[in-house]
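The structure under discussion appears below in the form of structure tokens.
Every chain is numbered from 1 and lettered A, B, ... according to where its sequence line falls, protein lines coming before strand lines. These figures come from a predicted structure and were not determined experimentally.
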Amino acid sequence: GAVVSQHPSWVICKSGTSVKIECRSLDFQATTMFWYRQFPKQSLMLMATSNEGSKATYEQGVEKDKFLINHASLTLSTLTVTSAHPEDSSFYICSARPFYAGELFFGEGSRLTVL
Amino acid sequence: AQSVTQLGSHVSVSEGALVLLRCNYSSSVPPYLFWYVQYPNQGLQLLLKYTTGATLVKGINGFEAEFKKSETSFHLTKPSAHMSDAAEYFCRGSARQLTFGSGTQLTVLP
């Protein structure tokens with residue numbers, strides 16, 4: 001099956017710093033990638049849809065200036081949490097959809113802890 | 001718009017017992033439906049999916065699900081639970097909506 005990789009898996013940072021999380025589709029090209037946030041014991045919340053070569057589409061209530069998304073190539077999307085605060089601590093998951101299939105493939109997730 | 005509802009945030013079964021995780025959908029058009037499993041601190045793994053065709057869908061790890069239009073359901077089952085099945089399970093609606101259910105935590109008791 002198709003593989004999506006996220007990096008880093010775990011990151012701890014100080015309040016006020018920025019953190020970048022990468023999402024790569026390893027063996028397929030994805031014109032569309034998705035970023036989710038998951039709080040403990042809760043479901044995934046779609047944050048934004050990342051489109052290669054264009055601006056991301058953010059879900060209602062998600063601060064686009066806080067969560068910067070860049071989809072510079074068909075295999076890489078990045079999520080940058082700017083000026084992170086403890087309330088941004090969460091599990092962030094990306095997914096990608098090959099152009100030839102309707103199903104999604106998920107990354108392993110990235111655990112962000114802001115001190 | 002399509003939405004999915006998972007009934008029961010927690011399900012506990014004994015090892016070897018039947019696993020039944022419930023998912024109902026609402027939609028005015030034929031849906032695509034998916035079940036995923038998530039282990040702690042990991043991403044989601046696709047168990048199975050229904051798009052068109054056969055209503056009984058077999059997935060990995062011995063799981064299967066049946067699409068029942070009359071009941072608007074897509075419940076996930078496994079005849080005999082293993083300890084390794086303990087995880088969080090999510091039902092998801094069609095690809096466009098990216099609508100996830102709230103999740104069901106499955107506990108398998110020895």
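At least one side-chain heavy atom of B:Gln38 sits under 4.5 Å from a side-chain heavy atom of A:Phe91.
Counted within 6.0 Å of CZ on B:Arg22, heavy atoms from surrounding residues, nucleotides or ligands total 12 or fewer; the atom is thus considered open.
Residues B:Leu21 and B:Leu33 share a single hydrophobic cluster, defined by chaining ILVMFWY side chains whose heavy atoms lie under 4.5 Å apart. Note on A:Leu46: it does not cluster hydrophobically with A:Val81, by side-chain heavy-atom contacts below 4.5 Å among ILVMFWY residues. In the hydrophobic cluster analysis, where Ile, Leu, Val, Met, Phe, Trp and Tyr join through side-chain heavy atoms closer than 4.5 angstrom, B:Tyr39 is grouped apart from A:Trp10. A:Phe106 and A:Leu76 sit in two unconnected hydrophobic clusters of ILVMFWY residues. Membership requires side-chain heavy atoms under 4.5 Å apart, directly or through other members. Hydrophobic clustering (ILVMFWY, side-chain heavy atoms < 4.5 Å, transitive): A:Leu44 and A:Leu79 are in distinct clusters.
For the atom pair CG of B:Leu46 and CG of A:Leu104, the computed distance is 9.0 Å after rounding to the nearest 0.5 Å. For the atom pair CD of B:Gln42 and CD of A:Gln6, the computed distance is 12.0 Å after rounding to the nearest 0.5 Å. Atom CG of B:Asn41 and atom CD of A:Gln38 lie 9.5 Å apart (nearest 0.5 Å). Rounded to the nearest 0.5 angstrom, B:Leu44 CG and A:Phe105 CZ are separated by 13.0 Å.
Proximity to chain A (any heavy atom under 4.5 Å) is shown, for B:Gln6, by neither the backbone nor the side chain.
Between chain A and the options B:Gly103, B:Gly101, B:Ser102, heavy-atom pairs under 4.5 Å are most frequent for B:Ser102.
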